[in-house]
Amino acid sequence: MKVAVLYYSHKGKTAFYAREIAMYLWSQGFSVSLSAVSDFNRDKLKGVDFLISGCWTCGWFVVNQHPHQKWIEFSKEIAGIIPPERTLLFTTYKFRTGSMFSNMKKALSIPKSFPVYELKSKTGFLTGKDKLVLNRFTNVSPLK
């Protein structure tokens, strides 16, 4: 099965987290493509089974969190190519993620009420809990 891990990073923490995600999935036997959104061609999504996409959390310290504009523009271009149930969103943050995930879903034209898998990291390191989420996501089991 093929997985595309796409990210927009500002200072490197999000890129590091994306690599952690990609390496874990690769170690589980997936064919993984890792790319910054600025280097990615949407045609490469053909044949991809899972989309994992994320960026760092922009906004004020505790309110108005949102994805970076470059990630939003890219996401609008690829919206609908991969079904929402096969999409996982991730972010890195300093204080809070706030409305980050609902804004990410909006950019990808995923209904607000539709449950998608989410990962968030303050450090950029993949945790055991993150690995469990990735395992559930790639098994395509329903969210509870």
>> Once rounded to the nearest 0.5 Å, what's the spacing between atom OG1 of Thr138 and atom CZ of Phe30?
In response: 4.0 Å
> Rounded to the nearest 0.5 Å, how far apart are CD1 of Ile52 and CZ of Arg86?
Replying inline: 12.0 Å
> Of the non-hydrogen atoms in Leu119 and Tyr17, which two are nearest, and what is the gap between them?
Replying inline: CB-OH, 3.4 Å
> Just one of Leu25, Ile21, Leu88 clears the side-chain contact (heavy atoms from CB on, under 4.5 Å) bar with Val3, so which one?
Replying inline: Leu25
>> Between Lys105 and Lys112 (side chain of the first, backbone of the second, donor and acceptor by atom type, cut-off under 3.5 Å), is there such a pair?
In response: yes
> So, do Val133 and Arg136 sit near enough that their side-chain heavy atoms are less than 4.5 Å apart?
Replying inline: yes
> Rounded to the nearest 0.5 Å, how far does OH of Tyr7 lie from OG of Ser38?
Replying inline: 7.5 Å
> What distance do Gln28 atom CD and Asn135 atom CG have between them, rounded to the nearest 0.5 Å?
Replying inline: 6.0 Å
> What heavy-atom pair brings Phe101 and Leu89 nearest, and what distance separates the two atoms?
Replying inline: CE2-O, 3.6 Å
> How about Phe90 and Tyr117: are their ring centres within less than 6.0 Å of each other?
Replying inline: no
> Would you say the side-chain atoms of Thr57 pair up with the backbone N or O of Thr92, donor to acceptor, closer than 3.5 Å?
Replying inline: yes
> Closest approach of Pro84 and Val116, non-hydrogen atoms and distance?
Replying inline: O-CG1, 3.8 Å
> Just by distance, do the side chain of Ser31 and the backbone of Met1 share a donor-acceptor pair under 3.5 Å?
Replying inline: no
> How about Phe137 and Phe50: are their ring centres within less than 6.0 Å of each other?
Replying inline: yes
> Looking at CG of Leu34 and CD of Glu20, how far apart are the two atoms once the value is rounded to the nearest 0.5 Å?
Replying inline: 11.5 Å
> Can you tell me how far CZ of Phe16 sits from OG of Ser121, rounded to the nearest 0.5 angstrom?
Replying inline: 9.0 Å
> Between Ala4 and Leu45, which heavy-atom pair has the shortest distance, and what is it?
Replying inline: CB-CD2, 4.0 Å
> Phe114, Ile82: one ILVMFWY side-chain cluster at the under-4.5 Å cut-off?
Replying inline: yes
> What heavy-atom pair brings Ala22 and Val32 nearest, and what distance separates the two atoms?
Replying inline: CB-CG1, 3.6 Å
>> Minimum heavy-atom separation for Ala107 and Ile72, please, with both atom names.
In response: CB-CG2, 4.1 Å
>> Applying the side-chain contact (heavy atoms from CB on, under 4.5 Å) criterion to Pro67, which one of Met104, Lys106, Glu73 satisfies it?
In response: Met104
> Do Phe74 and Leu6 touch side chain to side chain, with heavy atoms closer than 4.5 Å?
Replying inline: yes
>> Within the structure provided, determine whether Lys13 and Trp56 are in side-chain contact (heavy-atom separation under 4.5 Å).
In response: no
>> Set out, in order, the CA-CA distance, both residues' side-chain angles and the distance that settles side-chain contact (heavy atoms from CB on, under 4.5 Å) for Leu51 and Ile78, then state yes or no.
In response: CA-CA 10 Å; Leu51 171 65; Ile78 66 165; 4.0 Å; yes
> With distance as the sole test, does Asn103 use its side chain to make a donor-acceptor pair with the main-chain N or O of Ser99 at under 3.5 Å?
Replying inline: yes
> Do Met100 and Cys55 come within less than 4.5 Å of each other through their side chains, counting heavy atoms only?
Replying inline: yes
